[in-house]
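Atoms within a ligand are numbered from 1 in the order they appear, just like the ligands themselves. Only this structure's heavy atoms are used, side chains among them; waters, hydrogens and symmetry mates stay out.
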Amino acid sequence: NTEDCLKVMISGAPASGKGTQCELIKNKVGRLVVHVVIAMQYGLVHIAAGDLLREEIAAGTEKGKRAKEYMEKGLLVPSEIVVMMVKDRLLQPDAQEKGWLLDGYPRSLEQAKALEELGIRPDIFILLDVSEENLVERVVGRRLDPETGKIYHLKYSPPENEEIAARLAQRFDDTEEKVKLRLQTHHQNVEDVLSTYEDVIVRIKGDAAKEDVFAEIDKVLSSVKEKKSQASMDS
Ligand code: AP5
């Protein structure tokens, strides 16, 4: 039932673990015990604003070239580039049918308003809260697998084998200097966004190990999903 599908926003400072938690949410496997699903699968479509922008950069488009100038300075990419890009992805049939997990969007009042105007609101807005010291360490140690897109960390999530280790890449904006600028941008904008979603915000402490953070998120999402299914059965 498409009415039951979840609409989730996940927000937090740079390197707070948004992408990592989205992978865990997406990959969660439902367990069937005698035809009863005892662990829920979410089946959400993950839409990450940063990934959409990096795809444009990799494809060498005009939009990508312009976006990169801002990303290199740790600034928000102008709305005329980002808003349409995310809106188009959100309105694709898969996201409409399965529900969505929107990562790193909206990041400004303007972006939040653009969604409100389309009647797009989340069931829940997860805010990951991580200390600044941890954020810097996470950025500097982050590596990505260009083949699978998987996120690693040299200390906290090291690659499984030598072959993967050899091909890991670092993001162009993952330096200590650039993360300070990205953090500043985050602090300047976050309150505006939070004010739009006050009624559905859940703050989650994100300093713990990724599995422990996921356990908290899983609890919250299961409960929202259950409430939604119940409400749709009642109506
Ligand atoms: P974006 O790609 O969204 O970057 P970001 O917000 O800075 O977030 P990150 O992707 O850096 O981190 P994350 O929270 O996903 O953390 P991760 O899980 O990887 O945006 C990049 C740029 O694009 C922006 O600066 C802006 O210019 C532009 N942009 C994007 N969206 C925009 C928008 N809406 N409007 C305008 N411009 C926009 O984890 C980080 C590391 O920590 C990893 O190595 C991971 O393994 C490790 N880790 C994760 N969790 C844990 C844990 N619990 N314990 C230990 N290590 C952990």
Who's closest to [atom] heavy-atom-wise, of [options]?
{"atom": "atom 15 (O) of ligand 1", "options": "Ala13, Gly19, Gly141, Ala67", "value": "Gly19"}
{"atom": "atom 3 (O) of ligand 1", "options": "Arg107, Lys18, Glu137, Glu211", "value": "Arg107"}
{"atom": "atom 49 (C) of ligand 1", "options": "Asp174, Leu24, Val140, Thr20", "value": "Thr20"}

Name the closest protein heavy atom to [atom], giving the residue it belongs to and the distance to 0.1 Å.
{"atom": "atom 9 (P) of ligand 1", "result": "Arg142 NH1, 3.3 Å"}
{"atom": "atom 51 (C) of ligand 1", "result": "Arg138 CZ, 3.5 Å"}
{"atom": "atom 33 (C) of ligand 1", "result": "Gln111 NE2, 3.6 Å"}

Is ligand 1 under 4.0 Å from a heavy atom in the side chain of [X], in the backbone, in both, or in neither?
{"X": "Arg54", "value": "side chain"}
{"X": "Ala208", "value": "backbone"}
{"X": "Ala209", "value": "backbone"}
{"X": "Arg171", "value": "side chain"}

field: Pair Lys219 + Glu216, salt bridge at N-O below 4.0 Å
entry: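 So Lys219 pairs with Glu216 through a salt bridge.
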Salt-bridge contact Glu72-Lys178 (side-chain N to carboxylate O under 4.0 Å):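 Salt bridge: no.
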task: Please check if the side chain of Ser157 supplies one atom and the backbone of His153 the other of a donor-acceptor pair under 3.5 Å.
output: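 No, because the side chain of Ser157 does not come within donor-acceptor range (under 3.5 Å) of the backbone of His153.
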- prompt: Is there a donor-acceptor pair closer than 3.5 Å between any side-chain N or O of Arg138 and the backbone N or O of Ser16?
  reply: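 Yes; judged by distance alone, with no hydrogens or angles, the pair exists.
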message: Could you check whether Ser11 and Tyr105, counting side-chain N and O atoms only, form a donor-acceptor pair closer than 3.5 Å?
response: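 No, Ser11 and Tyr105 have no side-chain donor paired with an acceptor closer than 3.5 Å.
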message: Tell me whether the count of non-hydrogen atoms from other residues, nucleotides or ligands lying under 6.0 Å of CD in Glu80 goes above 12.
response: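 Yes, CD of Glu80 has more than 12 neighbouring heavy atoms, counting only those of other groups under 6.0 Å.
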task: Using distance alone, decide if ligand 1 has a nitrogen or oxygen within less than 3.5 Å of any nitrogen or oxygen in Gly104.
output: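 For ligand 1, there is an N or O atom that lies under 3.5 Å from one belonging to Gly104.
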